[in-house]
Amino acid sequence: MEGRPLEDDELIRRAKDGDVGAYEELVRRYQGVAVRTAYLAARGAGDAEDATQEAFVKAYRALASFRDGAPFRPWLLRIVANEASNRRRAAGRRARLALRVAASGADRPSGDAAPSPEGAVVAADERDVLLRAVNTMREEDRLVLGYRFFLGLSEAETAQILGCALGTVKSRQARALARLRRLLPSGMRPETRPETADG
Amino acid sequence: MAERGSGSLRGLPDDELALALAGLGRVLELPRDPGHAFAVAVRVRIEREDRDAVRTPAPVRVRRALLGGWLDRMRWLPPARRAMVLAVIVVALGAVAAGATALGVRGVRIIFGPPPSASPGVGATGAGSTSATPQSPAPLGSDLITGQHVSLREAREAVEFPIVLAVPQQHGFSAPEVYLDRSIPGGLVTLVYQAGPDLPAIGDSGIGLVLEEFEGQISRPVIGKFVEPPTTVMDVSIDGTAGFWIAGGPHDVAYLGPDGEIRPNTLRVSGNSLLWERGEVTLRMESMLSKDRAVAIAASVAPAG
């Protein structure tokens with residue numbers, strides 16, 4: 001999940017020694033998923049990039065507290081999520097993020113923030129139904145599903161970002177899926193297929 | 001996974017519902033990766049905060065501003081605003097090779113945020129080490145432009161890249177004054193056009209248009225631009241080449257040394273700027289013109305001689 005953990009370790013070591021250029025490389029590596037995390041955590045309020053930049057700076061300042069050998073991404077994303085949600089609260093916004101399908105409707109290119117590769121291509125009608133249901137979910141449920149399935153983060157990463165135990169994420173995810181299921185209409189005939197189905 | 005059979009979403013087991021959500025995630029409108037500039041912005045901000053923290057004198061002396069009043073206003077920005085630098089940058093990207101043309105122009109660094117603190121009282125001192133020729137009267141721009149006042153022929157002989165001119169006949173310009181800064185690797189040539197009926201002056205400088213030309217290098221930015229609201233940076237196309245239009249407010253421009261630090265005596269306030277590449281040459285045009293007119297002029301530049 002981390003991609004190149006050894007390189008991360010080396011970059012982190014250098015960054016801890018004051019090599020800002022090494023940290024820049026870490027930023028580049030994780031900025032995509034970070035800005036998406038901020039977007040979900042801030043519920044669309046404010047500028048996700050602003051919050052992400054602030055979080056990256058704070059993370060740099062906090063590098064001394066980062067445990068060597070630990071995965072960097074969830075440690076970073078927790079800072080990002082906290083920064084984004086703090087900004088939302090400070091602004092007194094109770095904005096509700098209405099997720100939408102991108103105008104092109106096309107899949108994003110894969111990258112560090114791409115959802116899990118096994119993610120299926122969803123038929124448009126099914127997608128719309130699913131999206132409507134997700135958008136009516138309470139924020140806590142939507143956040144755990146968003147981190148897990150929209151951003152493709154692992155349960156362990158999600159737990160770290162949310163600041164809870166792995167078991168808590170598992171149960172929250174299960175409950176969120178159950179609640180989502182109840183929000184869905186019955187009788188849909190999904191046409192979900194794997195990405196490689198055409199290949 | 002095989003294609004699912006019939007059944008409702010509601011009836012899906014958790015793992016398949018999770019797959020459907022992942023599929024939805026692929027088409028959701030989520031922020032894109034902010035690009036190369038973002039990481040550089042973080043680095044620059046950290047470096048700037050580090051510099052501020054140790055309170056070292058900024059290695060910057062402010063040249064007389066082309067747009068004088070704006071400089072003072074920027075200098076007295078509230079500290080909080082100075083600290084809250086949204087520093088974003090496009091570095092000498094080696095844009096084409098990196099496939100990042102849309103993000104940068106070779107040799108140029110754009111920094112969203114205020115410049116490093118300026119030393120009060122030096123805003124109107126004029127040029128530092130670089131100066132005009134000793135003869136009088138001083139040529140247009142001699143107190144503002146980096147480099148030595150030279151003839152166009154001298155400049156042509158001194159640099160290897162082809163110098164281009166804004167076509168005088170087409171746009172009603174007079175012949176430009178030419179400056180050459182040899183301290184920039186490959187040379188920096190600056191053409192200064194006098195303001196005229198169709199070319200509004202930049203501040204009270206008498207200058208209507210400045211065209212800078214240099215060989216943009218992949219590894220090393222030459223020009224730094226400090227941008228903050230309400231100034232905006234917009235992608236533009238000049239004859240199919242990606243460029244930037246920076247307008248909407250004043251921004252600072254400075255020349256950067258090999259280490260990326262601002263070279264002394266080169267920070268000043270700039271008007272609307274257009275940045276683009278022409279072959280191996282990076283061009284920066286500064287004026288008070290509209291974007292459309294600036295782009296039109298940029299598209300019509302032609303080799304000198």
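All chains are named by letter (A, B, ...) in the order of the sequence lines, taking the proteins before the strands, and each is independently numbered beginning at 1.
Proximity to chain B is limited to the side chain of L145(A), based on heavy atoms less than 4.5 angstrom apart. L180(A) touches chain B through its side chain: at least one heavy atom from C-beta onward sits under 4.5 Å away, while N, CA, C and O do not.
A salt bridge between D50(B) and R61(A) is present, with a side-chain N of the basic residue lying under 4.0 Å from a carboxylate O of the acidic one.
When every heavy atom of Q31(A) is checked against every heavy atom of A39(B), the shortest pair comes out as OE1-N, 3.4 Å. Closest of all the heavy-atom pairs between E54(A) and R45(B) is OE1-NH2, 2.7 Å.
Put simply, the side chain of R43(B) never gets that close to the backbone of Y23(A): no donor and acceptor are under 3.5 Å apart.
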(request) Determine, step by step, whether V40(B) and R28(A) satisfy the side chain to side chain contact (heavy atoms under 4.5 Å, CB included) criterion, reporting the C-alpha distance in whole Å, the side-chain angles of both residues, the deciding distance to 0.1 Å, and the verdict. (result) CA-CA 8 Å; V40(B) 185; R28(A) 188 170 293 115; 3.8 Å; yes
(request) Start with the C-alpha distance between L12(B) and L184(A), add both sets of side-chain angles, then the distance that settles side chain to side chain contact (heavy atoms under 4.5 Å, CB included), and finish with yes or no. (result) CA-CA 11 Å; L12(B) 292 178; L184(A) 292 167; over 6 Å; no
(request) Quick one: do Y60(A) and V42(B) satisfy side chain to side chain contact (heavy atoms under 4.5 Å, CB included)? Show the steps, please. (result) CA-CA 10 Å; Y60(A) 179 79; V42(B) 172; over 6 Å; no
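One distance of note links CZ of F150(A) with CG of L28(B); it measures 5.0 Å at 0.5 Å rounding. One finds the CG atom of D33(B) at 9.0 Å from the CD atom of E49(A) (value rounded to the nearest 0.5 Å). Rounding to the nearest 0.5 Å places CG of L24(B) at 12.0 Å from CZ of F149(A). Considering CG of L21(B) and CZ of R127(A), their distance stands at 13.5 Å, rounded to 0.5 Å.
Between V35(A) and L30(B), every side-chain heavy-atom pair lies at or beyond the 4.5 Å cut-off.
For the salt bridge (charged side-chain N to carboxylate O under 4.0 Å, His left out) test with D14(B), the passing option among R148(A), R181(A), R175(A) is R181(A); the others fail.
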